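This is a predicted model, so every value here is computed, not measured. Numbering of residues begins at 1 and proceeds along the displayed sequence.
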Amino acid sequence: MDRDVRWFAMPVGMQISNIGGEVERAIRWKNKNDTKKMTEFYNKALELLSLSKRDPKNAHRIGELSFCEEELKDYFVGENYYNTTDDMLLRYYNAFI
């Protein structure tokens with residue numbers, strides 16, 4: 001519960017920036033063909049996205065946050081239906097730094 005309180009205290013930009021750090025690490029390990037490490041960071045990004053979706057101040061962002069989850073799942077473990085690239089993900093999340 002403490003983690004939720006600390007996370008909810010962060011501005012949304014900082015939340016997304018932190019998620020982006022995990023995404024960047026997942027991409028780095030994906031490109032090094034280390035599936036285990038990639039999966040660790042990918043799962044952490046999904047966990048943080050889930051926290052952001054539960055944050056009351058983000059109620060109006062549920063659609064965008066849900067799409068972020070869907071896109072990450074598609075990119076890292078799906079068929080990449082959206083044709084997402086490393087650069088596309090990094091540009092999105094780095095915009096919040």
Side-chain angles (χ1 to χ4, degrees):
M1 191 62 160
D2 277 343
R3 180 182 64 168
D4 291 6
V5 171
R6 286 192 318 269
W7 189 257
F8 292 176
M10 286 184 203
V12 68
M14 187 176 287
Q15 290 177 355
I16 301 296
S17 178
N18 277 278
I19 294 164
E22 302 302 327
V23 170
E24 185 174 352
R25 289 176 192 91
I27 289 169
R28 186 176 318 126
W29 289 107
K30 176 182 178 284
N31 291 334
K32 291 181 179 184
N33 295 313
D34 189 329
T35 305
K36 183 177 185 267
K37 289 246 187 224
M38 178 205 77
T39 302
E40 286 176 31
F41 291 110
Y42 156 75
N43 285 333
K44 182 66 174 183
L46 291 180
E47 179 184 334
L48 295 177
L49 272 167
S50 180
L51 273 174
S52 291
K53 285 173 64 175
R54 290 196 311 268
D55 186 342
K57 76 173 164 289
N58 296 332
H60 66 287
R61 294 184 175 91
I62 296 297
E64 179 179 2
L65 295 170
S66 293
F67 179 76
C68 289
E69 277 183 328
E70 185 178 329
E71 183 178 41
L72 290 179
K73 289 175 183 178
D74 178 57
Y75 180 72
F76 285 108
V77 296
E79 296 179 26
N80 200 11
Y81 174 78
Y82 297 113
N83 295 312
T84 304
T85 64
D86 294 352
D87 187 54
M88 290 166 68
L89 287 172
L90 294 173
R91 276 188 286 140
Y92 174 80
Y93 290 99
N94 286 341
F96 292 91
I97 294 177

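With a 4.5 Å cut-off on side-chain heavy atoms, Glu40 and Lys44 do not count as touching. When side chains are defined from C-beta on, Val77 counts as touching Tyr42, because their heavy atoms get closer than 4.5 Å.
When all heavy atoms of Ser52 and Ile19 are compared, the closest pair comes out as OG-CD1, 3.8 Å. Considering all non-hydrogen atoms of both residues, Ser17 and Phe96 come closest at CB-O, 3.8 Å. Across all non-hydrogen atoms, the minimal contact from Ile62 to Lys53 is CD1-O, 3.2 Å. Across all non-hydrogen atoms, the minimal contact from Phe41 to Ala26 is CB-N, 3.6 Å.
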Next on the checklist: Please determine whether side-chain contact (heavy atoms from CB on, under 4.5 Å) holds for the pair Phe8 and Arg54, giving the CA-CA distance in whole Å, both sets of side-chain angles, and the decisive distance to 0.1 Å.
Outcome noted: CA-CA 9 Å; Phe8 292 176; Arg54 290 196 311 268; 4.1 Å; yes
Checklist entry - Should Asn58 and Glu64 be marked as a side-chain contact (heavy atoms from CB on, under 4.5 Å) after you check the CA-CA gap, both sets of side-chain angles, and the distance that decides it? => result CA-CA 10 Å; Asn58 296 332; Glu64 179 179 2; over 6 Å; no
Item to check | Intermediate values then yes/no, side-chain contact (heavy atoms from CB on, under 4.5 Å), Arg61 and Gln15 | outcome: CA-CA 12 Å; Arg61 294 184 175 91; Gln15 290 177 355; over 6 Å; no
Next on the checklist: If you apply the rule side-chain contact (heavy atoms from CB on, under 4.5 Å), what do you find for Tyr93 with Glu24, and how did you get there?
Outcome noted: CA-CA 9 Å; Tyr93 290 99; Glu24 185 174 352; over 6 Å; no
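Put simply, CG on Asn43 and CZ on Phe76 are 10.5 Å apart, with the number rounded to the nearest 0.5 Å. Annotation: the span from Tyr82 atom OH to Glu70 atom CD amounts to 3.0 Å, rounded to 0.5 Å. In this structure, the separation between CG on Leu46 and CD on Glu22 is 10.5 Å, given to the nearest 0.5 Å.
One hydrophobic cluster, built from ILVMFWY side chains closer than 4.5 Å, cannot hold both Met88 and Ile16; they sit in different ones. A single hydrophobic cluster is not seen to contain both Phe67 and Leu51; linkage of ILVMFWY side chains at heavy-atom distances under 4.5 Å, directly or through other members, places them apart.
In this structure, Asp74 contributes its side chain and Asn80 its backbone to a donor-acceptor pair below 3.5 Å. Of the possible donor and acceptor atoms, one in the side chain of Lys57 sits under 3.5 Å from a partner among the backbone N and O of Met10. Listed for the Asn18 side chain is no donor-acceptor partner under 3.5 Å among the backbone atoms of Leu48.
With respect to Arg91, the side-chain contact (heavy atoms from CB on, under 4.5 Å) criterion is satisfied by exactly one of Leu89, Asn94, Asp87: Asp87.
In this structure, Lys73 does not pair ionically with Glu69, as no charged nitrogen and carboxylate oxygen lie closer than 4.0 Å.
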